[in-house]
Amino acid sequence: MQLTNRRKVVSNKEQSFAEKIYLPAIVKGMAITFSHLFKKAPTIDYPNKTRPMAPVYRGQHVLKRDENGAERCTACGMCAVACPAEAITMESGERKKGEEHLYREEKYATIYEINMLRCIFCGLCEEACPKEAIFLTDRLVDTDYERRDMVYGKDKLVEKIDQRIDVSKRQTPEVLEFKKIPGLRHNELYKKIK
Amino acid sequence: MLTFVIYKSILCVVVFGVSLGVAAYSTWWERKFAAFLQDRKGPSRAGPFGILQPLADGGKMFFKEEIIPNVSNKFLFVLGPSLFLLTALMTGVVIPWGKDLIIGGKAYPLQVTDINIGIIYVLGVTSVGVYGIMIGGWASNNKYSLLGAIRASSQMISYEIAMGLSIIALVITAGGTLSFREILEKQDAGISNVMYQPLGFLIFLICAFAETNRAPFDLSECETELIGGYNTEYSAFKLGAFMFAEYINMFISSAIMAGLYFGGYNFPFAHELYSAMGLQEGSVAISLIGFLVYFFKICLFISVFMWIRWTLPRFRYDQLMNLGWKVLIPLSLFNLVLTVVVEFFRGTIVF
Ligand code: SF4
Ligand code: SF4
């Protein structure tokens, strides 16, 4: 079976004189490299310039707070179930009296961790979340020296009260529409929980 | 007498400085040029266009830890790179960098010394340079270093023969002089020796690549087989000395090629240009222009070295030896015979 037409039949024939003295081949090679001298480098001067990003780019997650500054996540575990990479773990706790300004629901996540080395940034957690608590943003996940530092806890994931993170960029009409499609996994799961 | 000594000392220091400077900036240009050939940008962090990169590299070399292996012969271990660097720097003295500077009726040649066997001097000194590599590789007491050193020395010895033969042919065309200066003066009219010696030049060029251990003949330090060849065990500035010496060698052999075969500071229609610009023969400006032209040619040759390096893959060792002994030596002998016959009919040599 022939998959491409780039197949070349190798033969062991004697080299011709021109091939034996190498020079024509060398000159040809040098012409090729020389022609590259005038080609524009595709390099992007990274720290000075960044590549334009798609508006729906899926980068580092954020755990949102509501308009009063309380965490939206209720530790339902939908995101962890939806996650194909099994990157999310959490532990839930009960909200005490007087913590209403901190947590929106009666149950909240005491520990919420995403392993950024496992995450494939598919965005299924965002789709799965019934509380609109987790979103992927256009921020890049920084590199680090230690594996354990790549497991992001609530300290890195929950947005700061005074530094809200805009997640509306990703919520284009198409994305919002997509989230409503019945039969999507998160909608099914959501129905079951209800 | 005093002015003579002062003048020569200044010239020595300048040649020394220029050699080192060119070597340093060759490393920068090597990386830049390689990047251009590979559609990259090359060093761009240190200063504009990475101009300060060699300084950063040099600084790094100085502050690295000096390691001398326990089992090595310490004296020879240090001697190796020193000798290599020394011989590399010594060759620069016989090259005439420009026409004589005439200041106040006195001629100051832009050449440290004009020995009448300049070419043989260069060949001799560069072959002493092999000892640097051999000693360094041997004293490291490491089999990779030793193999690299053996390769380097056998390669240099083999290619020196063809190189010498091609130079003999050149000397015959140039009228039987071995002085650099006279060979350059002979090309004063702007017709360079490469017109008479195209084959000789090709042989010389190939041999120069082998002599300077540059790709495609850099098997003495090929990473894939020998880790680093003779400089495997070297670190810090001793490694720097090896690398520097290699770049100086490249600079000097470019200077030799540009001088012997491409007229050095002469160029076609030079005299017409000078008279059109209203410059007196023998004025300082002419020496300066000549020097710049020579320098430009040298830079071109250095770029050719790099161009080849980033084009061709490395030769296999047996291919290298075959090329040296079975192709280049017969070819240079043929070239020699051809030259003698042609020159005999032109009447430049008589028996
Ligand atoms: S983006 Fe995908 S892989 Fe990453 S945590 Fe969310 S569901 Fe898991
Ligand atoms: S699905 Fe939303 S609410 Fe549920 S645990 Fe995940 S982030 Fe919290």
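The chains referred to below are lettered A, B, ... by the order of the sequence lines, with proteins before strands, and numbering in each begins at 1.
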(request) Examine distances only and state if a side-chain atom of A:R65 and a backbone atom of A:E159 form a donor-acceptor pair shorter than 3.5 Å. (result) yes
(request) Taking heavy atoms only and a threshold strictly under 4.5 Å, list by residue number the residues of residues 24-42 of chain A that touch chain B; give 'none' if the list is empty. (result) A:I26, A:G29, A:M30, A:T33, A:F34, A:H36, A:L37, A:K39, A:A41, A:P42
(request) Report yes or no: does A:R58 contribute a side-chain atom to a donor-acceptor pair with the main-chain N or O of A:L136 at less than 3.5 Å? (result) no
(request) Determine, using ring centers only, whether B:F201 and B:F262 are less than 6.0 Å apart. (result) yes
(message) Can you see whether B:Q155 engages B:N213 through a side-chain donor-acceptor pair at a distance of less than 3.5 angstrom?
(response) yes
(message) Can a donor-acceptor pair be found, under 3.5 Å and without considering hydrogens, that links the side chain of B:K297 to the backbone of B:S254?
(response) no
(request) Using non-hydrogen atoms and a 4.5 Å limit, figure out which bit of B:L202 sits close to chain A: side chain, backbone, both or neither. (result) side chain
(message) Salt bridge check, B:R151 against B:D218: does any charged N sit closer than 4.0 Å to a carboxylate O?
(response) no
(message) Quick one about A:T137 and A:R139 (side-chain donor to acceptor, distance below 3.5 Å, no hydrogens or angles considered), yes or no?
(response) yes
(request) For B:N335 and B:Q197, test the side chains for any donor-to-acceptor distance below 3.5 angstrom and give the result as yes or no. (result) yes
(request) Tabulate, in ascending numerical order, the residues of residues 26-42 of chain B having at least one heavy atom closer than 4.5 Å to a heavy atom of chain A, or enter 'none'. (result) B:F33, B:F36, B:L37, B:D39, B:R40, B:K41
(message) Strictly distance-based, threshold 3.5 Å: is any side-chain N or O of A:E91 a donor or acceptor partner for the main-chain N or O of A:I111?
(response) no
(message) If we check ring-ring contact (aromatic ring centres under 6.0 Å, His included) with B:F315, which of these qualifies: B:F209, B:F217, B:Y159?
(response) B:F217
